[in-house]
**Q** 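What follows is a structure written as C-alpha coordinates; I'll ask about it next.
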Amino acid sequence: MSTDIEAQGVAPGVNVHTHGTRRSYLIGLGYAVVLTLASFWASSTDLIYSPGVPILLGVLAIAQMGVHLVFFLHISSAPDQTNNILALAFGIFVVGLLVFGSMIIMANLNHNMMPTDRLMQLQMQR
Amino acid sequence: MSATEQALVSGDAVPLSLRGPAPTRVVAGYGFWLFLLSDIIIFAALFAAYAVLSGETAGGPTAADLFDKKHVLIETACLLASSVTCGFGSLAVQSGDKSSTYFWMAITFIFGVTFLSLEVSEFSHMLSIGAGPSRSAFLSAFFTLVGTHGLHVTLGLCWLIVMLLQVATLGFQPMVSRRFFCFGLFWHALDIVWIGVFTIVYLGAHL
(Lines give C-alpha, C1' and ligand atoms only; values in the text may rest on other atoms or scores of the structure.)
Protein backbone atom coordinates (compact mmCIF):
# COMPACT_ATOMS: atom_id res chain seq x y z
CA MET A 1 0.00 0.00 0.00
CA SER A 2 1.60 3.28 -1.03
CA THR A 3 2.09 6.10 1.41
CA ASP A 4 -0.06 8.60 -0.47
CA ILE A 5 -3.06 6.36 0.08
CA GLU A 6 -2.34 6.24 3.78
CA ALA A 7 -2.08 10.02 3.84
CA GLN A 8 -5.59 10.33 2.38
CA GLY A 9 -7.26 7.81 4.65
CA VAL A 10 -8.26 4.38 3.45
CA ALA A 11 -11.46 2.89 2.15
CA PRO A 12 -13.24 0.34 4.36
CA GLY A 13 -12.02 -3.17 3.67
CA VAL A 14 -8.47 -2.03 2.98
CA ASN A 15 -6.37 -2.99 5.94
CA VAL A 16 -2.95 -1.46 5.50
CA HIS A 17 -1.56 -3.10 8.60
CA THR A 18 -2.57 -6.74 8.17
CA HIS A 19 -2.77 -6.40 4.40
CA GLY A 20 -3.14 -9.67 2.55
CA THR A 21 -3.66 -12.18 5.34
CA ARG A 22 -6.18 -14.98 5.48
CA ARG A 23 -5.65 -15.04 9.21
CA SER A 24 -8.00 -12.15 9.95
CA TYR A 25 -10.80 -13.84 8.00
CA LEU A 26 -10.23 -17.13 9.82
CA ILE A 27 -10.16 -15.45 13.24
CA GLY A 28 -13.38 -13.64 12.28
CA LEU A 29 -14.92 -16.92 11.16
CA GLY A 30 -14.03 -18.52 14.50
CA TYR A 31 -15.65 -15.73 16.52
CA ALA A 32 -18.70 -15.61 14.24
CA VAL A 33 -19.28 -19.37 14.49
CA VAL A 34 -19.03 -19.29 18.29
CA LEU A 35 -21.39 -16.31 18.56
CA THR A 36 -23.91 -17.79 16.11
CA LEU A 37 -23.99 -21.15 17.90
CA ALA A 38 -24.26 -19.35 21.23
CA SER A 39 -27.32 -17.40 20.09
CA PHE A 40 -29.01 -20.50 18.66
CA TRP A 41 -28.25 -22.31 21.91
CA ALA A 42 -29.47 -19.41 24.06
CA SER A 43 -32.81 -19.29 22.25
CA SER A 44 -33.61 -22.93 22.98
CA THR A 45 -32.09 -23.60 26.39
CA ASP A 46 -33.85 -23.69 29.75
CA LEU A 47 -30.66 -22.91 31.64
CA ILE A 48 -31.04 -19.15 31.24
CA TYR A 49 -33.64 -17.09 33.08
CA SER A 50 -36.14 -16.72 30.25
CA PRO A 51 -36.93 -12.95 30.44
CA GLY A 52 -33.18 -12.36 30.05
CA VAL A 53 -32.90 -14.32 26.81
CA PRO A 54 -33.93 -11.47 24.42
CA ILE A 55 -31.28 -9.22 25.95
CA LEU A 56 -28.67 -11.96 25.62
CA LEU A 57 -29.64 -12.52 21.97
CA GLY A 58 -29.34 -8.79 21.31
CA VAL A 59 -25.90 -8.66 22.91
CA LEU A 60 -24.71 -11.70 20.92
CA ALA A 61 -26.05 -10.23 17.65
CA ILE A 62 -24.38 -6.86 18.22
CA ALA A 63 -21.13 -8.61 19.15
CA GLN A 64 -21.26 -10.64 15.95
CA MET A 65 -21.95 -7.54 13.86
CA GLY A 66 -18.86 -6.00 15.50
CA VAL A 67 -16.81 -9.09 14.64
CA HIS A 68 -17.94 -8.88 11.00
CA LEU A 69 -17.12 -5.17 10.83
CA VAL A 70 -13.64 -5.62 12.27
CA PHE A 71 -12.52 -8.89 10.70
CA PHE A 72 -14.38 -8.92 7.37
CA LEU A 73 -14.88 -5.24 6.54
CA HIS A 74 -11.62 -4.29 8.35
CA ILE A 75 -13.07 -1.25 10.07
CA SER A 76 -10.74 -0.11 12.83
CA SER A 77 -10.16 2.91 15.02
CA ALA A 78 -6.95 3.84 13.17
CA PRO A 79 -6.57 7.56 12.40
CA ASP A 80 -6.77 6.93 8.63
CA GLN A 81 -10.22 5.43 9.09
CA THR A 82 -11.85 8.47 10.71
CA ASN A 83 -14.17 9.10 7.74
CA ASN A 84 -15.42 5.51 7.70
CA ILE A 85 -16.00 5.50 11.45
CA LEU A 86 -17.90 8.81 11.34
CA ALA A 87 -20.14 7.56 8.52
CA LEU A 88 -20.71 4.31 10.41
CA ALA A 89 -21.57 6.18 13.61
CA PHE A 90 -24.13 8.31 11.76
CA GLY A 91 -25.59 5.18 10.14
CA ILE A 92 -25.95 3.46 13.51
CA PHE A 93 -27.57 6.60 14.91
CA VAL A 94 -30.19 6.71 12.12
CA VAL A 95 -30.83 2.96 12.41
CA GLY A 96 -31.36 3.34 16.16
CA LEU A 97 -33.72 6.28 15.71
CA LEU A 98 -35.75 4.41 13.09
CA VAL A 99 -36.07 1.10 14.92
CA PHE A 100 -36.49 2.23 18.52
CA GLY A 101 -38.47 5.35 17.55
CA SER A 102 -40.99 3.29 15.57
CA MET A 103 -41.29 0.71 18.33
CA ILE A 104 -41.85 3.29 21.08
CA ILE A 105 -44.38 5.28 19.04
CA MET A 106 -46.35 2.21 17.98
CA ALA A 107 -46.36 0.78 21.51
CA ASN A 108 -47.71 4.10 22.77
CA LEU A 109 -50.38 4.23 20.08
CA ASN A 110 -51.42 0.65 20.86
CA HIS A 111 -51.60 1.50 24.54
CA ASN A 112 -53.75 4.61 24.00
CA MET A 113 -56.00 3.12 21.34
CA MET A 114 -59.60 2.51 22.33
CA PRO A 115 -60.50 -1.20 22.09
CA THR A 116 -62.12 -1.97 18.72
CA ASP A 117 -65.51 -3.05 20.11
CA ARG A 118 -65.95 0.20 22.03
CA LEU A 119 -64.95 2.17 18.94
CA MET A 120 -67.69 0.34 17.02
CA GLN A 121 -70.26 1.16 19.71
CA LEU A 122 -69.36 4.84 19.51
CA GLN A 123 -69.85 4.82 15.74
CA MET A 124 -73.22 3.03 16.08
CA GLN A 125 -74.51 5.65 18.51
CA ARG A 126 -73.87 8.46 16.09
CA MET B 1 8.13 2.18 8.38
CA SER B 2 10.35 5.07 7.30
CA ALA B 3 10.33 8.50 8.93
CA THR B 4 8.34 10.10 6.09
CA GLU B 5 5.75 7.33 6.16
CA GLN B 6 5.47 7.77 9.89
CA ALA B 7 4.95 11.49 9.39
CA LEU B 8 2.35 10.91 6.66
CA VAL B 9 0.36 8.47 8.75
CA SER B 10 0.35 10.76 11.77
CA GLY B 11 -0.58 13.63 9.45
CA ASP B 12 2.22 16.00 10.46
CA ALA B 13 3.98 16.34 7.11
CA VAL B 14 1.45 17.87 4.74
CA PRO B 15 -1.63 19.76 5.90
CA LEU B 16 -4.88 18.09 4.87
CA SER B 17 -5.83 21.02 2.62
CA LEU B 18 -2.62 20.66 0.58
CA ARG B 19 -2.75 16.91 -0.01
CA GLY B 20 -4.81 17.04 -3.18
CA PRO B 21 -7.63 14.69 -4.16
CA ALA B 22 -7.65 11.19 -2.69
CA PRO B 23 -6.89 8.26 -5.02
CA THR B 24 -9.86 6.85 -6.95
CA ARG B 25 -9.82 3.61 -4.98
CA VAL B 26 -10.31 5.48 -1.72
CA VAL B 27 -13.05 7.70 -3.16
CA ALA B 28 -14.88 4.76 -4.75
CA GLY B 29 -14.59 2.68 -1.57
CA TYR B 30 -15.83 5.49 0.62
CA GLY B 31 -18.74 6.25 -1.71
CA PHE B 32 -19.70 2.59 -1.73
CA TRP B 33 -19.44 2.49 2.05
CA LEU B 34 -21.96 5.37 2.21
CA PHE B 35 -24.26 3.47 -0.16
CA LEU B 36 -24.03 0.39 2.06
CA LEU B 37 -24.93 2.41 5.14
CA SER B 38 -27.97 3.86 3.37
CA ASP B 39 -28.92 0.34 2.29
CA ILE B 40 -28.69 -0.75 5.92
CA ILE B 41 -31.02 2.12 6.81
CA ILE B 42 -33.59 0.66 4.36
CA PHE B 43 -33.28 -2.62 6.22
CA ALA B 44 -33.66 -0.78 9.52
CA ALA B 45 -37.02 0.56 8.33
CA LEU B 46 -38.12 -2.96 7.37
CA PHE B 47 -36.87 -4.31 10.73
CA ALA B 48 -38.89 -1.62 12.51
CA ALA B 49 -41.99 -2.62 10.52
CA TYR B 50 -41.42 -6.26 11.38
CA ALA B 51 -40.89 -5.52 15.07
CA VAL B 52 -44.15 -3.55 15.20
CA LEU B 53 -46.20 -6.04 13.17
CA SER B 54 -44.76 -9.39 14.26
CA GLY B 55 -47.65 -10.02 16.66
CA GLU B 56 -50.44 -9.05 14.25
CA THR B 57 -51.22 -12.48 12.84
CA ALA B 58 -54.96 -11.92 12.15
CA GLY B 59 -55.75 -15.43 13.40
CA GLY B 60 -53.27 -16.93 10.95
CA PRO B 61 -50.07 -18.89 11.65
CA THR B 62 -47.68 -17.29 14.14
CA ALA B 63 -43.92 -16.98 13.86
CA ALA B 64 -43.42 -19.90 16.25
CA ASP B 65 -45.62 -22.15 14.05
CA LEU B 66 -43.77 -21.38 10.85
CA PHE B 67 -40.05 -21.16 11.44
CA ASP B 68 -37.70 -24.11 11.63
CA LYS B 69 -34.49 -23.38 13.51
CA LYS B 70 -32.36 -26.07 11.88
CA HIS B 71 -33.18 -24.73 8.42
CA VAL B 72 -32.10 -21.24 9.51
CA LEU B 73 -28.87 -22.53 11.02
CA ILE B 74 -27.94 -24.10 7.67
CA GLU B 75 -28.81 -20.85 5.85
CA THR B 76 -26.67 -18.89 8.32
CA ALA B 77 -23.76 -21.29 7.87
CA CYS B 78 -23.96 -20.94 4.06
CA LEU B 79 -23.91 -17.15 4.21
CA LEU B 80 -21.08 -17.04 6.75
CA ALA B 81 -18.98 -19.49 4.74
CA SER B 82 -19.58 -17.52 1.55
CA SER B 83 -18.51 -14.34 3.35
CA VAL B 84 -15.19 -15.91 4.32
CA THR B 85 -14.52 -17.41 0.87
CA CYS B 86 -15.40 -13.99 -0.62
CA GLY B 87 -12.71 -12.52 1.66
CA PHE B 88 -10.19 -15.09 0.38
CA GLY B 89 -11.28 -14.20 -3.16
CA SER B 90 -10.67 -10.50 -2.50
CA LEU B 91 -7.17 -11.33 -1.28
CA ALA B 92 -6.61 -13.29 -4.51
CA VAL B 93 -7.81 -10.26 -6.53
CA GLN B 94 -5.40 -7.99 -4.62
CA SER B 95 -2.47 -10.27 -5.41
CA GLY B 96 -3.59 -10.61 -9.05
CA ASP B 97 -3.94 -14.39 -8.87
CA LYS B 98 -6.49 -15.35 -11.54
CA SER B 99 -6.97 -19.06 -10.84
CA SER B 100 -7.43 -18.69 -7.10
CA THR B 101 -9.82 -15.75 -7.72
CA TYR B 102 -11.95 -18.06 -9.87
CA PHE B 103 -11.70 -20.83 -7.28
CA TRP B 104 -12.75 -18.81 -4.22
CA MET B 105 -15.38 -16.77 -6.04
CA ALA B 106 -16.92 -19.95 -7.50
CA ILE B 107 -17.20 -21.35 -3.96
CA THR B 108 -18.71 -18.04 -2.83
CA PHE B 109 -21.23 -18.31 -5.66
CA ILE B 110 -22.14 -21.89 -4.76
CA PHE B 111 -22.73 -21.02 -1.11
CA GLY B 112 -24.80 -18.01 -2.19
CA VAL B 113 -26.95 -20.13 -4.51
CA THR B 114 -27.41 -22.75 -1.75
CA PHE B 115 -28.57 -20.04 0.64
CA LEU B 116 -30.96 -18.66 -1.93
CA SER B 117 -32.44 -22.05 -2.83
CA LEU B 118 -33.01 -22.82 0.86
CA GLU B 119 -34.82 -19.51 1.19
CA VAL B 120 -36.90 -20.10 -1.93
CA SER B 121 -37.90 -23.57 -0.69
CA GLU B 122 -38.94 -22.05 2.64
CA PHE B 123 -41.00 -19.36 0.90
CA SER B 124 -42.70 -21.82 -1.44
CA HIS B 125 -43.52 -24.11 1.48
CA MET B 126 -45.09 -21.18 3.33
CA LEU B 127 -47.07 -20.16 0.22
CA SER B 128 -48.28 -23.74 -0.24
CA ILE B 129 -49.76 -23.89 3.29
CA GLY B 130 -51.55 -20.59 2.77
CA ALA B 131 -49.10 -18.46 4.74
CA GLY B 132 -48.36 -16.01 1.94
CA PRO B 133 -47.70 -12.29 2.31
CA SER B 134 -51.40 -11.45 1.99
CA ARG B 135 -52.41 -13.64 4.96
CA SER B 136 -51.61 -11.18 7.78
CA ALA B 137 -49.65 -8.03 8.58
CA PHE B 138 -47.02 -10.20 10.26
CA LEU B 139 -46.50 -12.23 7.09
CA SER B 140 -46.43 -9.10 4.89
CA ALA B 141 -43.67 -7.67 7.06
CA PHE B 142 -41.83 -11.00 7.10
CA PHE B 143 -41.87 -11.44 3.32
CA THR B 144 -40.86 -7.82 2.74
CA LEU B 145 -37.90 -7.99 5.14
CA VAL B 146 -36.55 -11.43 4.28
CA GLY B 147 -37.50 -11.05 0.61
CA THR B 148 -35.55 -7.78 0.33
CA HIS B 149 -32.52 -9.50 1.81
CA GLY B 150 -32.96 -12.39 -0.65
CA LEU B 151 -33.25 -9.90 -3.52
CA HIS B 152 -29.96 -8.32 -2.44
CA VAL B 153 -28.31 -11.73 -2.42
CA THR B 154 -29.71 -12.44 -5.91
CA LEU B 155 -28.38 -9.13 -7.23
CA GLY B 156 -25.05 -9.83 -5.55
CA LEU B 157 -24.80 -13.18 -7.34
CA CYS B 158 -25.54 -11.51 -10.70
CA TRP B 159 -22.88 -8.93 -9.89
CA LEU B 160 -20.41 -11.71 -9.05
CA ILE B 161 -20.98 -13.37 -12.45
CA VAL B 162 -20.41 -10.05 -14.22
CA MET B 163 -17.21 -9.52 -12.23
CA LEU B 164 -15.87 -12.96 -13.10
CA LEU B 165 -16.61 -12.27 -16.79
CA GLN B 166 -14.77 -8.95 -16.49
CA VAL B 167 -11.75 -10.67 -14.93
CA ALA B 168 -11.81 -13.16 -17.80
CA THR B 169 -12.06 -10.51 -20.54
CA LEU B 170 -10.36 -7.42 -19.08
CA GLY B 171 -7.98 -8.97 -16.55
CA PHE B 172 -7.07 -7.24 -13.31
CA GLN B 173 -7.25 -3.65 -14.46
CA PRO B 174 -7.51 -1.07 -11.67
CA MET B 175 -11.23 -0.51 -12.36
CA VAL B 176 -11.96 -4.24 -12.29
CA SER B 177 -10.21 -4.79 -8.98
CA ARG B 178 -11.97 -1.69 -7.64
CA ARG B 179 -15.35 -3.16 -8.56
CA PHE B 180 -14.38 -6.50 -7.09
CA PHE B 181 -13.43 -4.70 -3.91
CA CYS B 182 -16.87 -3.01 -3.75
CA PHE B 183 -18.52 -6.39 -4.36
CA GLY B 184 -16.67 -7.77 -1.33
CA LEU B 185 -17.97 -4.93 0.83
CA PHE B 186 -21.52 -5.54 -0.44
CA TRP B 187 -21.34 -9.26 0.30
CA HIS B 188 -20.01 -8.75 3.84
CA ALA B 189 -22.69 -6.12 4.51
CA LEU B 190 -25.42 -8.59 3.47
CA ASP B 191 -24.05 -11.03 6.02
CA ILE B 192 -24.30 -8.35 8.71
CA VAL B 193 -27.96 -7.75 7.80
CA TRP B 194 -28.57 -11.50 8.00
CA ILE B 195 -27.35 -11.51 11.63
CA GLY B 196 -30.23 -9.15 12.40
CA VAL B 197 -32.67 -11.30 10.41
CA PHE B 198 -31.89 -14.60 12.09
CA THR B 199 -31.78 -13.05 15.56
CA ILE B 200 -34.95 -10.98 15.38
CA VAL B 201 -37.11 -12.96 12.98
CA TYR B 202 -36.14 -16.59 13.46
CA LEU B 203 -34.75 -16.83 17.00
CA GLY B 204 -37.13 -14.17 18.29
CA ALA B 205 -40.03 -16.34 17.10
CA HIS B 206 -39.31 -19.08 19.61
CA LEU B 207 -38.92 -16.96 22.75
Side-chain angles (χ1 to χ4, degrees), chain A residues 2-14 16 19-22 24-26 28-29 32-33 35-37 39-40 42-44 50 53-54 57-58 60-62 64-65 68-69 71-73 78-80 83-84 87-88 90-92 94-103 106-107, chain B residues 2 4-5 8-11 13-14 19-23 25-30 32-34 36-38 40-41 43-45 47-49 51-52 69 72-73 76-77 80-81 83-84 86-88 90-91 94-95 181-182 184-185 188-189 191-192 195-196 198-200 202-204 206-207:
Chain A
S2 68
T3 47
D4 71 311
I5 288 183
E6 289 191 33
Q8 298 289 356
V10 293
V14 179
V16 285
H19 174 62
T21 58
R22 287 190 183 166
S24 89
Y25 287 103
L26 289 176
L29 176 68
V33 166
L35 289 167
T36 304
L37 291 179
S39 55
F40 274 80
S43 72
S44 56
S50 59
V53 171
L57 285 181
L60 287 170
I62 290 170
Q64 197 180 344
M65 287 176 186
H68 282 234
L69 281 174
F71 292 99
F72 296 165
L73 286 161
D80 49 13
N83 286 338
N84 303 329
L88 177 66
F90 182 65
I92 292 173
V94 175
V95 167
L97 271 187
L98 253 174
V99 174
F100 293 110
S102 306
M103 286 172 72
M106 292 310 290
Chain B
S2 71
T4 43
E5 276 181 56
L8 279 172
V9 171
S10 60
V14 189
R19 282 181 205 167
R25 187 183 172 86
V26 172
V27 174
Y30 186 60
F32 198 75
W33 179 235
L34 294 183
L36 286 178
L37 288 170
S38 63
I40 284 174
I41 290 169
F43 278 108
F47 272 119
V52 167
K69 238 185 242 178
V72 181
L73 188 58
T76 307
L80 185 59
S83 214
V84 173
C86 175
F88 290 169
S90 313
L91 294 178
Q94 278 171 29
S95 57
F181 167 69
C182 288
L185 293 183
H188 294 314
D191 206 13
I192 292 183
I195 298 170
F198 82 70
T199 304
I200 293 173
Y202 292 100
L203 298 183
H206 292 278
L207 292 180

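Note on naming: letters A, B, ... go to the chains in the order of the sequence lines (proteins, then strands), and numbering restarts at 1 for each one.
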**Q** Taking every heavy-atom pair that is under 4.5 Å apart, which of A/Gly101, A/Gly58, A/Gly91, A/Ala61 has the most such pairs with chain B?
**A** A/Ala61
**Q** Among A/Ser43, A/Ala32, A/Gly28, which has the most heavy-atom pairs under 4.5 Å with chain B?
**A** A/Ser43
**Q** Hey, could you give me the CD1/OG1 distance between B/Ile195 and A/Thr36, rounded to the nearest 0.5 Å?
**A** 7.0 Å
**Q** Looking at every heavy atom in both A/His68 and B/Ile192, which two are closest together, and how far apart are they?
**A** CB-CG1, 3.6 Å
**Q** What part of B/Phe198 lies closer than 4.5 angstrom to a heavy atom of chain A: side chain, backbone, both or neither?
**A** side chain
**Q** Would you mind checking which part of A/Leu88 comes under 4.5 Å of any heavy atom in chain B, side chain (CB onward), backbone (N, CA, C, O), both or neither?
**A** both
**Q** Pick from B/Phe47, B/Tyr30, B/Trp33: which one has the most heavy-atom pairs with chain A under 4.5 Å?
**A** B/Trp33
**Q** Under 4.5 Å from any heavy atom of chain A, what part of B/Val72 do you find: side chain, backbone, both or neither?
**A** both
**Q** Atom CG in B/Leu80, atom CZ in A/Phe72: separation rounded to 0.5 Å?
**A** 5.5 Å
**Q** Restricting to non-hydrogen atoms, name the atom on A/Ser39 and the atom on B/Leu203 that form the minimum distance, rounded to 0.1 Å.
**A** O-CD1, 3.6 Å
**Q** Measuring heavy-atom distances to chain B, does A/Ser50 have an atom under 4.5 Å in its side chain, in its backbone, in both, or in neither?
**A** neither
**Q** Between B/Val52 and A/Ser102, which heavy-atom pair has the shortest distance, and what is it?
**A** CG2-O, 4.0 Å
**Q** Which distance, rounded to the nearest 0.5 Å, do you find between the CG of A/Leu98 and the CD1 of B/Ile40?
**A** 12.5 Å
**Q** What's the spacing between B/Leu37 CG and A/Ile92 CD1 if we round to 0.5 Å?
**A** 8.5 Å
**Q** Among B/Gly29, B/Ala48, B/Ser95, B/Gly87, which has the most heavy-atom pairs under 4.5 Å with chain A?
**A** B/Gly87
**Q** Can you tell which part of A/Met65 gets under 4.5 Å to a heavy atom of chain B, answering side chain, backbone, both or neither?
**A** both
**Q** What residue, out of B/Leu34, B/Val27, B/Leu73, has the most heavy-atom pairs lying under 4.5 Å from chain A?
**A** B/Leu73
**Q** Quick one, A/Val95 and B/Phe43 - any side-chain contact, counting heavy atoms below 4.5 Å?
**A** no
**Q** Chain A heavy atoms under 4.5 Å from B/Ile41: which part of the residue, side chain, backbone, both or neither?
**A** both
**Q** Using 0.5 Å steps for rounding, measure from the OG1 atom of B/Thr199 to the CZ atom of A/Phe40.
**A** 8.0 Å
**Q** Under 4.5 Å heavy-atom distance to chain A, tell me which part of B/Thr76 shows up: side chain, backbone, both or neither.
**A** side chain
